[in-house]
Amino acid sequence: MYSLRYQVTTSTCNSEGRLKLYSALQMMQDCSEMWIDSEPGVKEFFKEQNMAQLLASRQVEIVRVPSFKEKLTVTTSVYGMKPMFGFRNTFIYDEEGKPCYKTWSMGAFVDKSNGKLKRVDAATIAPMTLDSQLEMNYGDRRIILPKEGGEQHEPIAVMKADIDYNQHVNNANYIRMAMELLPDDFETRMMRMEYRVAAKRGDILIPKVFHVSVSTVLVALYIGNEVSAIVEFNAFR
């Protein structure tokens, strides 16, 4: 298990003085990325093989939204490894040690030179620390879009500020874009996201919104006819 400490600051708050979901996702992502420092064998292998770990899907269960100045601890732990995929829990806890956010995610191991999946050998996986899978709701990582319907919205141009060091749109920025299309009174309690085709600087994302029910909204972001990312927002848990 790897952990980082944070505090809810002005820049991470929304207009109500509560932690933005976008900021919480950034905290989770930072902790997951820094985790590799706790596994020197994996870190060295990735460096030698010019590899990266990229988020393929994540599910978030929101227990409680922290407020301004609250101190938080973010922890991440890997509970499963396959040659090309890893599975982890990343939780955010308050000062009392109670969870505010529970998540599980699947990461893909890719060759940075061509963006294709690449295997991690068994000798590298064997000494890794695997923790127990934590208790939360576990949904399907695949999100099925309705075959019909959906409201198309104004195109979104991918800007340089959206790009991370892997040279494509950072996963939290997809969520930021998608949340702008939710009704103002929609309070997300659960969320699933699936990343399919990485968007790069200069791409134009075409959003399509599906109001599945009063409590469920799907946002699909397209590059041309291909789905780049899908986010499912639920106002219940």
Side-chain angles (χ1 to χ4, degrees), residues 14 20-26 28-29 32 52-62 84-85 87-88 90 101-108 110 115-117 136-164 166-237:
N14 62 16
K20 290 183 286 191
L21 181 54
Y22 168 70
S23 297
L25 290 167
Q26 287 184 308
M28 298 175 203
Q29 175 183 275
S32 297
Q53 53 177 349
L54 302 182
L55 189 65
S57 65
R58 188 193 292 278
Q59 180 180 322
V60 180
E61 181 182 342
I62 302 172
M84 291 187 288
F85 300 98
F87 302 86
R88 70 171 67 238
T90 306
Y101 302 84
K102 302 178 179 181
T103 82
W104 78 272
S105 60
M106 185 183 85
V110 301
K116 295 182 179 180
L117 290 172
M136 64 170 288
N137 293 314
Y138 288 84
D140 195 329
R141 72 172 189 85
R142 299 289 294 181
I143 302 174
I144 306 301
L145 287 173
K147 294 182 179 180
E148 298 180 350
E151 303 170 0
Q152 186 167 310
H153 288 252
E154 290 294 318
I156 301 169
V158 176
M159 302 181 294
K160 60 183 178 181
D162 297 320
I163 306 300
D164 63 20
N166 289 311
Q167 305 306 312
H168 55 63
V169 174
N170 182 268
N171 65 81
N173 285 329
Y174 285 106
I175 310 305
R176 174 183 55 77
M177 296 172 188
M179 290 189 72
E180 289 295 322
L181 303 173
L182 293 175
D184 289 343
D185 60 350
F186 192 96
E187 185 168 3
T188 303
R189 287 301 182 181
M190 289 193 71
M191 181 174 63
R192 289 189 300 153
M193 46 278 232
E194 181 186 349
Y195 303 98
R196 295 187 182 180
V197 178
K200 299 178 181 179
R201 182 180 176 184
D203 283 342
I204 301 297
L205 293 171
I206 307 298
K208 186 175 283 190
V209 179
F210 300 86
H211 293 271
V212 179
S213 69
V214 293
S215 58
T216 302
V217 178
L218 286 175
V219 179
L221 298 168
Y222 291 81
I223 302 174
N225 294 321
E226 284 191 295
V227 175
S228 177
I230 308 173
V231 190
E232 179 190 77
F233 298 97
N234 286 302
F236 63 88
R237 61 169 178 261

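The first residue in the sequence is number 1, and the count goes up from there.
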> From Leu21 CG over to Ile62 CD1, what is the distance, rounded to the nearest 0.5 angstrom?
5.0 Å

> For the side chain of Asp164 and the backbone of Asn166, is there at least one donor-acceptor N/O pair under 3.5 Å apart?
yes

> Quick test of your reading of the model: are Glu194 and Arg192 salt-bridged, counting only N-O distances below 4.0 Å?
no

> Take Met193 and Val60, measure what side chain to side chain contact (heavy atoms under 4.5 Å, CB included) needs, and give me the verdict at the end.
CA-CA 9 Å; Met193 46 278 232; Val60 180; 4.2 Å; yes

> Ile223 and Ala198: which non-hydrogen atoms are nearest, and at how many Å?
CD1-O, 4.1 Å

> When rounded to the nearest 0.5 angstrom, what distance separates CG in Asn171 from CG in Leu55?
4.5 Å

> Distance-only, no hydrogens or angles: does the Ser215 side chain make a donor-acceptor pair with backbone N or O of Asn234 under 3.5 Å?
no

> Which distance, rounded to the nearest 0.5 Å, do you find between the CG of Leu145 and the CD of Glu232?
10.0 Å

> Specify the closest pair of heavy atoms between Asn173 and Ala161, including all atoms of both residues, with the distance to one decimal.
ND2-O, 3.9 Å

> Glu61 pairs by side-chain contact (heavy atoms from CB on, under 4.5 Å) with which of Met191, Met136, Arg189?
Met136

> CG/Leu221 to CG/Leu205 distance, rounded to the nearest 0.5 angstrom?
5.5 Å

> List the atom of Pro183, the atom of His211, and the distance in Å for their closest heavy-atom pair.
CG-CE1, 4.3 Å

> Do Asp203 side-chain atoms and Val158 backbone N/O form a donor-acceptor pair below 3.5 Å?
no

> Evaluate the ring planes of Tyr174 and Tyr195, with Trp represented by its six-membered ring, and classify them as parallel (under 30°), tilted (30 to 60°) or perpendicular (over 60°).
tilted

> Would a distance-only check, ignoring hydrogens and angles, find a side-chain to backbone donor-acceptor pair under 3.5 Å from Gln59 to Asn137?
yes

> Given side chain to side chain contact (heavy atoms under 4.5 Å, CB included), test Arg58 with Leu25 step by step and report yes or no.
CA-CA 10 Å; Arg58 188 193 292 278; Leu25 290 167; 4.1 Å; yes

> Just verifying a value: how many Å separate Glu154 CD and Leu181 CG, rounded to the nearest 0.5 Å?
10.5 Å

> How long is the span from the OH atom in Tyr222 to the OG atom in Ser228, to the nearest 0.5 Å?
11.5 Å

> Could you check whether any side-chain heavy atom of Gln29 comes within less than 4.5 Å of a side-chain heavy atom of Asn170, counting everything from C-beta outward?
yes

> Do you know which two heavy atoms are closest between Pro207 and Pro155, and how far apart they sit?
CD-CA, 4.2 Å

> When you look at Tyr101 and Thr90, which way does the side chain to side chain contact (heavy atoms under 4.5 Å, CB included) test go after all the steps?
CA-CA 8 Å; Tyr101 302 84; Thr90 306; over 6 Å; no

> Quick check: closest heavy atoms across Lys200 and Gln167, and the distance to 0.1 Å?
CG-O, 3.7 Å

> I need the minimum non-hydrogen distance between Pro146 and Phe210, along with the two atoms involved.
CG-CD2, 3.7 Å

> Is any side-chain heavy atom of Met179 closer than 4.5 Å to a side-chain heavy atom of Lys20?
no

> Compare all side-chain heavy atoms of Val169 with those of Ile163 and state whether any distance is below 4.5 angstrom.
yes

